[in-house]
Novice: 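Before we start, here is the structure in question, set down as structure tokens.
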Amino acid sequence: MALRLDTPVQFLKGVGPRRAEALARLDVRTVEDLCYHIPHRYLDATSVTPSTKARVGTEVTVVGRVVSTGVLSTRRRLRVFRAILKDASGVIECAWPGQAFLERTIRAGQLLLVTGPVKFYHGRQLVPREQIVLADADEQDGQDGQDGPVERGVVLPIYPATDGLSHRQIRRMFADHLDAMLPAVDDILPVALRRQFKLLPLRDAFLALHRPPSPDVAEEGRRRLAFDELLDVQLIVARARHLAKGARKGPRFENQKRLTTQLKAALPFELTNGQKRAIRDVFADMVGPERLHRLLMGDVGTGKTVVALFAMLLAAENGYQAVFMAPTELLAEQHARTIGELLAPLGMEPALLVGRLRDAEKAALRRQIAEGEAPVVIGTHALIEDTTGFKRLGLVVIDEQHRFGVEQRAALIGKGEAPDVLLLSATPIPRTLALTLYGDLDISALRERPKGRAPVKTGVRTASARNAVYDFIRAECARGHQAYIVYPVIAESERVDLRAATTMAKTLGDAMAPLEVGLVHGQMKAETRDLVMRRFRDGEINILVATTVIEVGIDVANATVMVIEHPERFGLAQLHQLRGRVGRGEGESHCILLCELAAVPDRLRRFARTTDGFKIAELDLQERGMGELAGSRQSGGLALRFTNLERDGDLVIGARRAARAVIEQDPNLTKRQHEPLRRRIGRRYQRGIELFRIG
Ligand code: ADP
Ligand code: MG
């Protein structure tokens, strides 16, 4: 019987219900899933060292049969598991200190692969960092009694495995079934695209991945799968963009140079070049034939709000209302204050709608908004409640957009008739990632800070400097400034080896007296936390001890010191966000990473050397890999499995261009050559289905 892509793996010979269950844990249910279960690495047999050539002081990979095993105790009572490996060239001893339990899994007769340094201890000894059982005693590694792949000197795929299903068993499955599976594979990528990007046909790609003659060929296979998934994602975002931008049905704007010109004249500062460029981009979209649908990215303090304010005034001078939504009350109040100051010379005042207001106040405000008397409205989630309605909403601005869910953003946008949309983000991300995750948006970036803002000075200090750091905080406070001290955990019960915010707040309260020390963390009630933050903002608290809850939501220009304890526990992007809490005023600001590790990690030193959020985003991406970042966008999980954004920049840009072209001529993907793409997207992406169902 010929296999089909949707044949359950259970029907493959040698895969019973037990193995099918194990495969399901790896998300492999059908023949197609199995094709896509690709090795996470390859062992290139050409890189295997003959055991007799393993020299002391080098790192090697050796493959051999286990001749004998045993557990020995050293004089210091350390139990060491040992095995003698034999290959064609001779034998070598391997030792695993403290891992006597290996006795249960490594046995004489097995074909074993080990990787690690060769040391000298009564003779040569390989101390494996990693070991893989390639074949059992009674098992040859190849098919039909031939030698195994390593013995044949080829590239050995190593598969992600799970309990009850070893990488060897998975390899066996491919050895047995790949030939029968491949004919079922159907390549739906339009040939023109495949040629343009010099990609392998899909069957060849699977063959390259599962039976590579060399690691380079396997890489070709990976690129092919990467392009496919990038194309899917880009088709989805191109479709979203097509829907979002649409031709203008709602608001029409004209640059009347009235309010915006007055604002420019009244600004107490000069706009940065980045701000000017962003305003130009935004205005061009607003007066253009398609809706504004743009993301404005820039580090904390680069001045995104002013750009948004210009857009709001352009809406206002055309008789529309503009709304600005922030994720916390504190932020909304802050915006109301700064925007209020900037608007005062124009004789305008923003309306501020937050949950904290008394019901009567809220009702009065809502009436004003509904009657169109408030041209500039600022607020929190309170804005998206049913009771808020606008008379003529022309522009929606969403601050810290990632802090809102898709539905929340949609709810606010739904308050108008296809209003223009401007999203703000203080989390810069590398261009390739932006093009993938935010492909449906146009993007403006602010890279420079306003003049006169000194960059925050960052230093790394070790345990011995603790008292000096405290003295420094005292000195800054004596000059009327304020400080943050951030901890990775709230209470010591979480991690006994880490200093915790609650305990340290007490300790510091005593140590820093008479300075006032406050505490905020994520498990406090929101009202209590707000209260403390307000007291800090108003200068009643000198030192604020906190967890990462202060990442977003507070702007105190008077705070000039940010101390981060256990900085090694934070991601680089997170450190950068924390650092952004200071350096917001005129004076010089400092970020101190207080690291008590014996050796300060290099990454912290690299972080201390740069203040460019985009550079840090690149470092962060390298550090964490794609998965986590991609998962963080609440977009219906456009996760990338095969793409390596550092290597595949050309594919990202190519797939984006190709997808936009396809959607332009066939927005519903109903043409014959596109239909299979549409079906695949529907199968793979929840959000894809939704988007293509509309229209
Ligand atoms: P963010 O990008 O973090 O949202 P804001 O818009 O809150 O930054 O701006 C931070 C501060 O910088 C505000 O007080 C704002 O008025 C001020 N600001 C904005 N643009 C400039 C500029 N070009 N020159 C000087 N100060 C500016
Ligand atoms: Mg901001």
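As the structure lists them, so they are numbered: ligands from 1, and atoms in each ligand from 1.
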Novice: Within the structure, does K451 bring an N/O atom to less than 3.5 angstrom of an N/O atom in ligand 1?
Specialist: no

Novice: Is the distance between the ring centroids of F283 and F253 under 6.0 Å?
Specialist: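 Ring-ring flag for F283/F253: false, centres at least 6.0 Å apart.
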
Novice: Any idea which part of L446 is under 4.0 Å from ligand 1, heavy-atom wise: side chain, backbone, both or neither?
Specialist: neither

Novice: Can you sort out which atoms of ligand 1 are near D299, meaning under 4.0 Å from one of its heavy atoms?
Specialist: 2 (O)

Novice: For the residue pair H576 and F607, does the interplanar ring angle fall in the parallel (under 30°), tilted (30 to 60°) or perpendicular (over 60°) class?
Specialist: perpendicular

Novice: Could you tell me whether atom 27 (C) of ligand 1 has at least one protein heavy atom nearer than 4.0 Å?
Specialist: yes

Novice: Checking E516 side chain against E540 main chain: does a donor-acceptor pair fall under 3.5 Å?
Specialist: no

Novice: Which is it for V517 and I485 under the side chain to side chain contact (heavy atoms under 4.5 Å, CB included) test, yes or no, and what are the steps along the way?
Specialist: CA-CA 10 Å; V517 175; I485 310 185; over 6 Å; no

Novice: Find all atoms of ligand 1 within a distance of less than 4.0 Å from any non-hydrogen atom belonging to T305, and give their numbers and elements.
Specialist: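 Once the distances to T305 are compared, the set is 4 (O), 5 (P), 6 (O), 7 (O).
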
Novice: Can you confirm whether P350 sits close enough to L343 that some side-chain heavy atom of one is under 4.5 Å from a side-chain heavy atom of the other?
Specialist: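 Of all side-chain heavy-atom pairs linking L343 with P350, at least one is under 4.5 Å.
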
Novice: Give a yes/no on ligand 1: does G301 have at least one heavy atom closer than 4.0 angstrom to it?
Specialist: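 Judged by the 4.0 Å heavy-atom criterion, G301 does count as contacting ligand 1.
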
Novice: Identify, by atom number and element, the atoms of ligand 1 in contact range of V306, meaning under 4.0 Å from any of its heavy atoms.
Specialist: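 Those of ligand 1 that fall under 4.0 Å from V306 are 19 (C).
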
Novice: Does ligand 1 have an atom under 4.0 Å from some heavy atom of D399?
Specialist: no

Novice: State plainly whether the residues R277 and D281 are in salt-bridge range, i.e. N to O under 4.0 Å.
Specialist: no

Novice: Any N or O of K304 that comes nearer than 3.5 Å to an N or O of ligand 1?
Specialist: yes

Novice: Could you list the atoms of ligand 1 found under 4.0 angstrom from a heavy atom of V300?
Specialist: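 Near V300, the atoms of ligand 1 are 3 (O).
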
Novice: So which protein heavy atom does atom 20 (N) of ligand 1 come closest to, and at what separation?
Specialist: Q275 NE2, 2.9 Å

Novice: Is it the side chain, the backbone, both or neither of L271 that has a heavy atom closer than 4.0 Å to ligand 1?
Specialist: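 Contact part for L271 vs ligand 1: backbone (N, CA, C, O).
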
Novice: Of all the atoms in ligand 1, which lie at a distance below 4.0 Å from a heavy atom belonging to T272?
Specialist: 23 (N)

Novice: Enumerate the atoms of ligand 1 whose separation from the nearest heavy atom of T302 is less than 4.0 angstrom.
Specialist: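 Under 4.0 Å from T302, ligand 1 has these atoms: 2 (O).
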
Novice: With a heavy-atom distance limit of 4.0 Å, tell me whether E270 approaches ligand 1 through its side chain, its backbone, both, or neither.
Specialist: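 Looking at E270 and ligand 1, just backbone atoms fall under 4.0 Å.
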
Novice: Hey, can you tell me if H381 and F404 have their rings parallel, tilted or perpendicular (30° and 60° cut-offs)?
Specialist: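 Geometry flag for F404 against H381: tilted rings.
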
Novice: Which distance, rounded to the nearest 0.5 Å, do you find between the CD of Q334 and the CD of E329?
Specialist: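 Q334 atom CD to E329 atom CD measures 12.5 Å (nearest 0.5 Å).
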
Novice: Can you find an N/O atom of P450 closer than 3.5 Å to an N/O atom of ligand 1?
Specialist: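 Checking ligand 1 against P450, no N or O pair falls under 3.5 Å apart.
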
Novice: Looking at CD1 of I564 and CZ of R581, how far apart are the two atoms once the value is rounded to the nearest 0.5 Å?
Specialist: 11.5 Å

Novice: Give me the nearest non-hydrogen protein atom to atom 8 (O) of ligand 1 as residue plus atom name, then the distance to 0.1 Å.
Specialist: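 Heavy-atom neighbour on the protein nearest atom 8 (O) of ligand 1: G303 N, 3.3 Å.
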
Novice: Quick one: are the ring centres of Y487 and H566 less than 6.0 Å apart?
Specialist: no

